[in-house]
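The structure appears below as structure tokens.
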Amino acid sequence: MNKYTQELFVFKRDGSHVVFDASKIYVRIQHLSQHPYELKGINSMWVAQHTIDSIKNDMKTSEIDNIACNRAMDLATDHPEFTILAARI
């Protein structure tokens with residue numbers, strides 16, 4: 001079975017083991033790109049998609065945050081506001 005057909009699980013910060021929900025990554029990064037003020041000129045969904053592509057079974061949510069932060073920093077040379085998004089993550 002490949003990673004796209006099997007169910008993935010993650011460990012939350014409270015220690016619980018739950019089914020991975022990709023929509024939570026999208027929602028969180030989108031929210032962080034708009035609050036407390038909107039970061040203009042960046043594609044936060046690119047960061048979310050590439051974060052989701054890097055998920056492996058039984059990861060910790062803190063590890064997922066590190067991946068998202070690194071993906072945002074990878075784009076900092078394209079637009080400086082990606083560094084702000086990385087800091088918010």
Any donor-acceptor pair under 3.5 Å from Glu81 side chain to Lys40 backbone: yes
Measure across Ile42 and Leu85 and return the closest heavy-atom pair with its distance rounded to 0.1 Å. CD1-CD2, 4.1 Å
Listed partners of His17 passing ring pair (Phe, Tyr, Trp, His ring centres under 6.0 Å), at least two apart: Phe9, Phe11
For Ile55 and Phe20, work out which heavy atoms get closest and say how close. CG1-CZ, 3.7 Å
Nearest heavy-atom neighbours spanning Ala76 and Thr83: CB-CG2, 3.4 Å
Listed by chain and number, what are the side chain to side chain donor-acceptor pair (under 3.5 Å) partners of Ser62, not counting sequence neighbours? none
Those residues that, when tested against Asp65, pass salt bridge (Lys or Arg N to Asp or Glu O under 4.0 Å) (two or more places apart): Arg13, Arg28
Could you go through the side chain to side chain contact (heavy atoms under 4.5 Å, CB included) check for Leu75 and Asp78 one step at a time? CA-CA 5 Å; Leu75 294 171; Asp78 294 337; 3.4 Å; yes
Given side chains that start at C-beta, do those of Phe82 and Met73 come closer than 4.5 Å, heavy atoms only? no
Within the side chain of Thr51, is there an N or O that forms a donor-acceptor pair under 3.5 Å with the backbone of Val47? yes
Distance only, no hydrogens: is a donor on one side chain within 3.5 Å (strictly under) of an acceptor on the other, for Arg88 and Ser33? no
Keeping the roles fixed (side chain from Glu63, backbone from Lys60), state whether a donor-acceptor pair exists under 3.5 Å. yes
